[in-house]
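Take a look at the structure set out below.
Note that these values count all heavy atoms, side chains included, but never hydrogens, waters or copies made by symmetry. Throughout, protein chains are lettered first and strands after them, A, B, ... in sequence-line order, and every chain is numbered starting at 1. What you see is a predicted model; the values in this text were computed from it and never measured.
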Amino acid sequence: MERTCWNLDLSLADVGRRVTLLGWVSKKRNLGSILFIDLRDRSGLIQIMVKDADKIPDIRNEYVIQVVGMVEKRESPNEKMKTGAIEINAESIKVINTAKLTPLIIADETDALEETRLKYRYLDLRRPAMQKYFDIRDTIKITAHRFLHEHRFIEIETPMLCASSPEGAKEYLVPSRLHHGSFYALPQSPQMFKQLLMVGGFERYYQIARCFRDEDLRADRQPDFTQIDIETSFLDQNEFLTMMEGLIKDIFQSTISYEVKLPLRQMTYREAMERFGSDKPDTRFGIELHELKRTVFSQSTFAGFVNSPSIKGLCVPGVSRETSRKVIDNLNLEAKKYGLSGLSVLKCEAKDLAGSFVKFLSDQEKLHLIKEFDAHDGDIIIIAAGPLNRVQPLLGAIRLNYGRQLNLIKPNTYDLLWVVDFPMFERDIESNKMVASHHPFTRPKDEDLHWLDEDPTKALSYAYDIVINGYEAGGGTLRIYDQNIQKKIFHILGLSDEEVKAKFGYFIDALQYGTPPHGGMAFGLDRLAMILGGTENIRDVIAFPKNLAAVCPMSGAPTQVSDEQLNELGIEVKKSS
RNA sequence: GGACCAUUGGUGUAGCGGUUAACAUGUCUCCCUGUCACGGAGAAGACCACGGGUUCGAUUCCCGUAUGGUCCGCCA
């Protein structure tokens, strides 16, 4: 169609130029015999000025129009607009298409609820704020492509239709029409393929990879999502992390012009859990966790403390007055979520502690607590007791809630760090079996190999997460290439040779033909876009996302299919009552 | 699988055991020559999510269901 440029291509330099613009009517301001139209295209808004409003056709919001006119300097510029110094003096306006009244206001300050926005996503996406998220997302991808290409990576696509693998997240299954009763699985990640590409000799691979996980959703979790998936050969952990830091630095620079200082800090998993109660700590504010079992309460006679393997606490400044009965009830509710019967809240008043729990404390313990936290009047101290793997996450969650509630996190600040040295194994609470913390191909740290025989839970791994502002923005591991160690790991996981063969057969085979030392990671593209775009909702950076019930509010997916389709696939569906 | 919160004109909110259900915004009509969240005047627009209960009376209180959101489990 006839179009001379996009809106934001124009500036004062173009005054006097005759242009033809295309776009949507964003806003109309009719002052009688002068009419203003804000015309929106993908680049942004520009003001159209119509001197003789009677001569133009009836136009309403979101009509698609073509405007022919002269670029003029404005009598009264608008500094808030990028094109605020100029306007288009319209000679003619042509309606290219009309629009129904939209169910939501198409402006950055839309007041529509997310439910409505998702139902009419195609309209929501017209909002400049939304388009900005996708610009950022695109810039991340372009930057990654360029950086990785320059570092001799090659992008290779791996299959979407894969063999089901028994470990890890639940998979989306795709029935086979040609093989009734058999199913493909959509990849949770290209994990095995990328390792096989290392066996295949590519040395440096990447892929902007779609991944699928049939798990319950969260504000930062979608069932289909995108990773910048990376694998390299012949790099040790620090060589690899240094390279990835370069990528992250470039991404921050190109998207938001933020300079990331390198090298990034490394914090061990253990330290992150002990100090912040999270393996993805937001370290932009304090309220750190303190160990109390060995210190303040070493002599405690309180039954709840004596029998607890750990007691930890934190001190929240200045919230004593707001800490009503209801607030304390909610804290206890939070504790129950984490499998603890409750927690203790103490208020610091008149250089002493108050609250229903003080009766269980000796004077010495009270003084010790105040000193431990350097607590002042108006502060509260929250204490949780129980198994460490519940106490720490609980206090970590409470810490984060207060950090947000008290606005302790400065906006537009970025906190990047590596969390390293994850344990190889965890003990599953229900089955008491040993399970791999990451996956069974994660390489144990050289200096921890002896623990595999002595006490596997003490063995740490070459595993690393990049944590940005309290989000796990990516993670990965070095992989095992020594088959003897691999056998030992399977043994610890309680897998027999037959089970290994059945579960990982072709993969284990492949590793026996000269596998290079290798390792990699995957960045969550959606999470990066979310962090850099400044939103806490991953749905904002995904064009057509699913809601928490894994339903697409616009298309209605998943939907029922016809009996013909099912017959062809040899599938019978149980009618749910 | 579990916990909590929400559901009121198109949109977003307020509200209360008895109301003409309020406000903002959007929409429509009229007026307006420099607006830009334009302004002014007026109008239309709501079985207060659904089902049951308590009550003389329920949009309001209670229970259930549905939908949505946040979290725990889960996410090698």
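A cation-pi arrangement is present between A/Arg399 and A/Phe285 under the rule of less than 6.0 angstrom and at most 45 degrees off the ring axis.
When heavy atoms are screened at a 4.0 angstrom cut-off, A/Pro223 is found touching no nucleic acid atom at all. Here A/Tyr338 lies in heavy-atom contact (under 4.0 Å) with sugar-phosphate atoms only. Counting non-hydrogen atoms under 4.0 angstrom, A/Leu31 reaches a base of the nucleic acid. A/Lys336 comes within contact range of no nucleotide atom at all, as no heavy-atom separation falls under 4.0 Å. A/Thr116 comes within contact range of the sugar-phosphate backbone alone, with a heavy-atom separation under 4.0 Å but no base atom that close. Note on A/Asn78: a base of the nucleic acid sits closer than 4.0 angstrom, heavy atoms only. At the heavy-atom level, A/Ser437 lies under 4.0 Å from the strands shown only through sugar-phosphate atoms. A/Gln191 comes within contact range of at least one nucleobase, with a heavy-atom separation under 4.0 Å.
In this structure, the nucleotide among B/U35, B/U13, B/G68 sitting nearest to the side chain of A/Arg29 is B/U35. Closest approach to the A/Lys80 side chain among B/C4, B/C74, B/A37 is made by B/A37 (side chain taken as heavy atoms from C-beta onward). Between B/U27, B/C75, B/A3, one nucleotide has an atom nearer to the side chain of A/Leu333 than all others, and that is B/A3. For A/Arg60, the listed nucleotide lying nearest its side chain is B/U27; candidates were B/G34, B/U11, B/U27. Nearest nucleotide to the side chain of A/Phe36, out of B/C36, B/C71, B/U35: B/U35. Taking the side chain of A/Met81 as heavy atoms from C-beta on, and the options B/C36, B/C75, B/C71, the nearest nucleotide is B/C36. The side chain of A/Ile105 approaches B/G10 more closely than any other nucleotide in the set B/G34, B/G10, B/U27.
Nearer the 5' end of RNA chain B, as judged by each residue's closest nucleotide, is the contact made by A/Lys28, out of A/Glu215 and A/Lys28. Checking A/Asn547 against A/Pro440, the closest nucleotide of RNA chain B that is more toward the 5' end is the one next to A/Asn547.
Within a 6.0 Å sphere centred on CZ of A/Arg42, other residues, nucleotides and ligands contribute 12 heavy atoms or fewer. Residue A/Trp24 places its CH2 atom among 12 or fewer non-hydrogen atoms of other residues, nucleotides or ligands, all under 6.0 Å distant. Other residues, nucleotides and ligands place more than 12 heavy atoms under 6.0 Å from the NZ atom of A/Lys28. Few gaps surround NZ on A/Lys546; more than 12 heavy atoms of other groups in view lie less than 6.0 Å from it.
Donor-acceptor pairing under 3.5 Å, judged by distance alone, is present between the side chain of A/Arg221 and the base of B/C75. For A/Glu115 against B/U67, no side-chain N or O and base N or O form a donor-acceptor pair under 3.5 Å. Checked by distance alone, A/Arg74 brings a side-chain donor or acceptor within 3.5 Å of a matching partner on the base of B/C36. Side-chain atoms of A/Asp216 come within donor-acceptor range of the base of B/G73, with a qualifying N/O pair under 3.5 Å. In this model, a side-chain donor or acceptor of A/Glu87 finds a partner on the base of B/G34 within 3.5 Å. Put simply, the side chain of A/Arg218 and the base of B/G73 share a donor and an acceptor less than 3.5 Å apart.
Regarding contacts with the backbone of B/C75, every side-chain N or O of A/Arg527 stays at 4.0 angstrom or more from both OP1 and OP2. Proximity of A/Ser76 to the phosphate of B/G34: no side-chain N or O atom is located under 4.0 Å from OP1 or OP2. At least one side-chain nitrogen or oxygen of A/Lys27 sits closer than 4.0 Å to the OP1 or OP2 atom of B/G26.
Look at CG on A/Leu340: it is 18 Å from P on B/A3, rounded to the nearest Å. One can place CG of A/Leu35 at 14 Å from P of B/C32, the figure rounded to the nearest angstrom. In this structure, A/Leu113 places its CG atom 11 Å from P of B/G9, rounding to the nearest Å. A/Lys119 places its NZ atom 12 Å from the C1' atom of B/U67, with the value rounded to the nearest Å. Rounded to whole Å, atom C1' of B/G68 lies 15 Å from atom OH of A/Tyr120. Put simply, CD on A/Glu75 is 14 Å from P on B/U33, counting in whole angstrom units. Here B/A37 presents its P atom at 15 Å from CG of A/Asn61, a figure rounded to the nearest Å. Distance A/Asp38 CG to B/U35 P: 14 Å, rounded to the nearest Å.
Taking the C1' atoms as reference points, B/A14 lies 14 Å from B/G9, given to the whole Å. To the nearest whole angstrom, the two P atoms, one in B/A49 and one in B/G15, are 15 Å apart. If you take atom P in B/U70 and the same atom in B/C28, they sit 34 Å apart, rounded to whole Å. Taking atom C1' on both nucleotides, B/A46 is separated from B/G73 by 41 Å, rounded to a whole Å. Rounded to the nearest Å, the gap between the P atom of B/G17 and that of B/C61 is 8 Å. Spacing between B/G26 and B/C38 at atom P, rounded to whole Å, works out to 7 Å. B/G2 sits 31 Å from B/U59 when the P atoms are compared, rounded to a whole Å. Of the P atoms belonging to B/C16 and B/A66, the separation is 29 Å, rounded to the nearest Å.
Ring orientation note: the planes of A/Tyr122 and A/Tyr120 are nearly perpendicular, at an angle over 60° on the 30°/60° scale.
Base pairing annotation: B/G12 forms a Watson-Crick or G-U wobble pair with B/C23, both donor-acceptor distances under 3.5 Å. Nucleotide B/U65 forms a Watson-Crick or G-U wobble pair with B/A49, both donor-acceptor distances falling under 3.5 Å. Using the Watson-Crick or G-U wobble rule with both distances under 3.5 Å, B/A3 pairs with B/U70. Pair check for B/G42 finds B/C28; Watson-Crick or G-U wobble, both atom distances under 3.5 Å.
Here the side chains of A/Leu452 and A/Phe425 are in contact, with some heavy-atom distance below 4.5 Å.
The ring of A/Phe422 has its center no closer than 6.0 angstrom to the ring center of A/Tyr464. For an aromatic pair to be called close, the ring centres must be under 6.0 Å apart, and A/Phe504 with A/Phe490 satisfies this.
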